[in-house]
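Just below is one structure, and these are the notes that go with it.
If you're wondering where the values come from, they're calculated on a predicted model, not measured in any experiment. All residue numbers refer to positions in the sequence shown, counting from 1.
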Amino acid sequence: MKKIVNPFNYLPLRQALCWGVAAMILTAVFMWQLGLRATSLTQIDFGGSALWKVTVAQLLIWLLFSVVLCLGGMIFSKSKVRFTDVAAYNLFARIPFDISLLIFAVPTVKSVMGYAADGNLNAMMNHLGLLSAVGLVSMLFAVWYFYWSYKAFAEATNLKNTKGVVTFILCYVVTYVSSAFLLNLI
C-alpha cells in the first residue's frame, strides 16, 4: 500500500523515467487521435493538432514544470537538488493526469464535453448525471495527480511540510500561467 501512496520512496530513477516517457508518448498519441490539445499545465480542449504539436506540448509542459520545480528546490532546499531527479519523478507523477484523459475515449462523454466547449447549455442539462460522474472522476484523478506531484517534488528536493507545500504551490502557479502563454505559441 505504501508503494501506491508514495511510490517515490521505492521507485528507482530509471524506472520512473521509463514509465513516464512511455505514458507521455501514449498520451500524445491518444490526444492526437481524439483531437485534444493541452492549453496549460492541467487543462485540455478540443482544439486538436498535428501529432508533432501535441508531442511538443507534452514535452514543453513536462520540462517547464521540471525546471520551475528544480529552481524552487534549489532556492529553498538545503539539500543538493538534481534536475534529473526532479524531472524523472515529475514525469512519473503526471501518470494519473494522463490516465484521467481516458475518459474522453467514451463517445458519450466526448460529445457531452463538446457541448460544454460549444456553450450549448440545453444539451448539457440533459446529461447532468454524466457530467456529475465525469466531474467526480476527474476530481479524484486531479487529487491523485497533485498528491503524487507534491510527493515527487518533496522526494527529489527534500523540501517537506509547510515549506515544501508552499514552494510546490508557487511553482505550480508559475508553471500554470507560463505554460498557458507558451502553449499558445505552438
Just by distance, do the side chain of S138 and the backbone of G135 share a donor-acceptor pair under 3.5 Å? no
Side chain to side chain donor-acceptor pair (under 3.5 Å) with T42: of Y176, Y145, Y172, only one passes, and it is Y172
Only pairs under 3.5 Å count here: list side-chain donor-acceptor contacts from residues 10-23, not counting sequence neighbours, and write none if there are none.
none

Go through W144 and Y147 one step at a time and tell me if the ring pair (Phe, Tyr, Trp, His ring centres under 6.0 Å) criterion holds. CA-CA 5 Å; W144 183 15; Y147 178 77; over 10 Å; no
Is the closest side-chain heavy-atom distance between L60 and S179 below 4.5 Å? no
Considering non-hydrogen atoms only, spot the tightest contact between S49 and R37 and give its length. OG-CD, 4.0 Å
How far apart are the closest heavy atoms of N90 and S66, and which atoms are they? ND2-OG, 2.9 Å
Return a table of donor-acceptor pairs under 3.5 angstrom between the side chains of residues 72-79 and protein atoms on other chains or two or more places apart.
residue	atom	partner	partner atom	Å
S77	OG	S79	N	3.1
S77	OG	T157	O	2.6
S79	OG	N158	ND2	3.0

Non-neighbouring partners of D85 that pass salt bridge (Lys or Arg N to Asp or Glu O under 4.0 Å), sequence neighbours left out: R82
Are the side chains of F104 and I44 in touch, meaning some heavy atoms are under 4.5 Å apart? yes
Contacts of type ring-ring contact (aromatic ring centres under 6.0 Å, His included), residue F8, not counting sequence neighbours: Y89, F92, W148
Please round to the nearest 0.5 Å and tell me the distance separating atom CG of L136 and atom CE of M139. 5.0 Å
Using side-chain heavy atoms (C-beta onward) and a distance below 4.5 Å, is V165 in contact with T162? no
Determine, using the 4.5 Å side-chain heavy-atom cutoff (strictly less than), whether V143 and F97 are members of one ILVMFWY cluster. no
Heavy-atom side-chain proximity of T39 to L183 below 4.5 angstrom: no
Compare every heavy atom of D45 with every heavy atom of G47, then report the nearest pair and how far apart it is. N-OD1, 2.9 Å
Any pair counted as salt bridge (Lys or Arg N to Asp or Glu O under 4.0 Å), so long as it reaches residues 140-161, sequence neighbours left out: none
Close side-chain approach of F168 to L69, heavy-atom, < 4.5 Å: yes
Is the shortest side-chain heavy-atom distance between F30 and L26 below 4.5 Å? no
The criterion is ring-ring contact (aromatic ring centres under 6.0 Å, His included); which residues satisfy it with W52, sequence neighbours excluded? none
